[in-house]
Structure formats: structure tokens, C-alpha cells
Amino acid sequence: MRRKLVVGNWKMHGSRPANAELLAAVLGARPYRADVAVCVPFVFVNETAAMLAGSDLRWGAQDVSAHEQGAYTGEVSAAMLAECGCRYALVGHSERRAYHAESDALVALKAQAALARGVTPVVCVGETLEEREAGQTEAVVKRQLSAVIHQLAHCAAEMVVAYEPVWAIGTGRTASPEQAQAVHAVLRAQLQAATGRADTMKILYGGSVKADNAAILFAQPDIDGGLIGGASLKAAEFIAICRAAEQAAGGTP
Ligand code: PGA
């Protein structure tokens, strides 16, 4: 059975005192029988690393440059993230696709840049409400994932995928477990066709995951955990989601 993974996406939230309090609480609730990580704003990566170093909690960033290095003002490279101990980088989050015009091709290059430095890309895919209502959900997520699969080629099995329907992000409107499972199954079949190793790959669900809906989502056969936005900022809520993941996995430490 695949081990569950819960990744907090702090987005542009946090402050030094608030982060310290949140991380101390998450650390204090160990051990977890699921893998747990937080993806924090770039400026907080180092202090997050300092707090979490030596624990089994992991950390990461919310974006990464497609470039190795050079005159790219404001960008942060995968090598820099690796140097700061980042295990993960979110790539292609819908907010970046929407507000920073990130194309499928750019997202694929970012995923490749991350992987080349040993940082696991968490590749986000998902349809808008308009696309879902037009019956395009499958076509959209397959197109988004296919760009990354082709770019990563023989390394494609190394990525983590996150299915995040845009209409469920930050809206309080979660995909039903059946809706989410249906898309996850499509993505896993696509990954299997491309890599032959999809049974080892993690596909997370994201979009208004909370303590009270996490267990049923994580119980779906193709949902391997969650990418958690708003609820990852509240210690009790985030810890409860991590517990739901370990119950779904049914494992022991
Ligand atoms: P949400 O965000 O949990 O606040 O809906 C999820 C995400 O955007 O990763």
C-alpha cells in the first residue's frame, strides 16, 4: 500500500512568530504514520528548515524557476531550494497558472528543473468550473499532466501529482469523494501508460480539504493524501488531517 502524504501549502500567509507556533504544534503531535510536509513562502524556507531539521517532517517551496541560474530577477532556482533542504516544490499551482500566466510548457520545465536537483515536484493539475460544466475535466487534466510526463520522460515516475479542481480551492466547496476518485483514476491510468510504475506514485487531492472531510477523501483507492491550503495554517486542523491520512493508510509507524 502506498504511504499517504499530506502537504501544507501556506500560500502567501505566515509570519515568523505564527510559523514558529504552528510548526512547534505540528512537531509536537508526532509521530505521524503518514508523510507530512509544509510548502512555505521562500523567505521562510530557512527558518522552517531550522525548526524541522532532524525530524521526519519535510519542507518545500511553492514555486521554482525553470532556469538553472542567471539574470532572472525575483526567481529562485531548484539548486537554491535543494541547498536549503527542500524536499518538495509545488509546480503549476492553479493560482500561478491563473495569476502568473504559467503555461503547461513552463510548468513542465519547472518540474524538470526541480527534479534535476533532487527536489520532488508536486505537479498541480485541475479544471475550472467552466471546464467541468463543459464536460472537459478529463481532457484538461490529461493535457496538463501530459506536458509534464513528456518533459520528464524516463523520470516521470519521480513526481508527485496533485489534483486540485480550481472550483474547490479556497471555496469551501470540495469535490465529492466519487468525483475526486474518478479523476484520480484517470490520472493514474495516464501515469501507468507513461511510466509503468503508477502503483508507486502519489496522487494527492487538494481543494477545501478539512479535518471533517479528509478521512473520506483519503479512503478512496487512488487518493494518496492531500495538498492542504487554508486548513494547513491552523495547527489543530492540519494535525487532524494528518491523522485522517494515517487512519486511511491503516499502517503502523
Ligand atoms: P485550500 O487550497 O485547501 O485552501 O482549498 C488548496 C490549495 O490551493 O493547494
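Order of appearance sets the numbers: ligands from 1, and atoms from 1 within every ligand.
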Atoms of ligand 1 less than 4.0 Å from Glu164 heavy atoms? 6 (C), 7 (C), 8 (O), 9 (O)

Do side-chain atoms of Thr128 reach the backbone of Val166 as a donor and acceptor pair under 3.5 angstrom? no

When only distance counts, is Gly207 in polar contact with ligand 1, meaning an N/O pair under 3.5 Å? no

Mind checking whether His184 and Tyr205 have parallel, tilted or perpendicular rings, split at 30° and 60°? tilted

Does the distance from a Lys or Arg side-chain N to an Asp or Glu carboxylate O, for Arg197 and Glu158, drop under 4.0 Å? yes

A student comparing Ala162, Gly170, Cys39, Pro165 should find that the heavy atom closest to atom 5 (O) of ligand 1 comes from Gly170

Applying a strict 4.0 Å limit to heavy atoms, is Ala231 in contact with ligand 1? no

Between Trp167 and Glu130: side-chain donor-acceptor atoms closer than 3.5 Å: no

What part of Ile169 sits under 4.0 Å from ligand 1 if we count only heavy atoms: the side chain, the backbone, both or neither? both

The reported gap from CD1 in Ile228 to CD in Glu237 (rounded to nearest 0.5 angstrom) is 9.5 Å

Against heavy atoms of Gly230, which atoms of ligand 1 measure under 4.0 Å? 1 (P), 3 (O), 4 (O)

Assess the side chains of Asp222 and Gln181: does a donor N or O sit below 3.5 Å from an acceptor N or O? yes

Taking distance alone, with N or O pairs closer than 3.5 Å, would you say Thr171 contacts ligand 1? no

Ala168 heavy atoms within 4.0 Å reach ligand 1 at atoms 5 (O)

Return yes or no for this condition: an N or O of Gly206 is under 3.5 Å from an N or O of ligand 1. no

In ligand 1, which numbered atoms sit nearer than 4.0 Å to a non-hydrogen atom of His93? 7 (C), 8 (O), 9 (O)

Considering non-hydrogen atoms only, spot the tightest contact between Val148 and Ala111 and give its length. CG1-CB, 3.8 Å

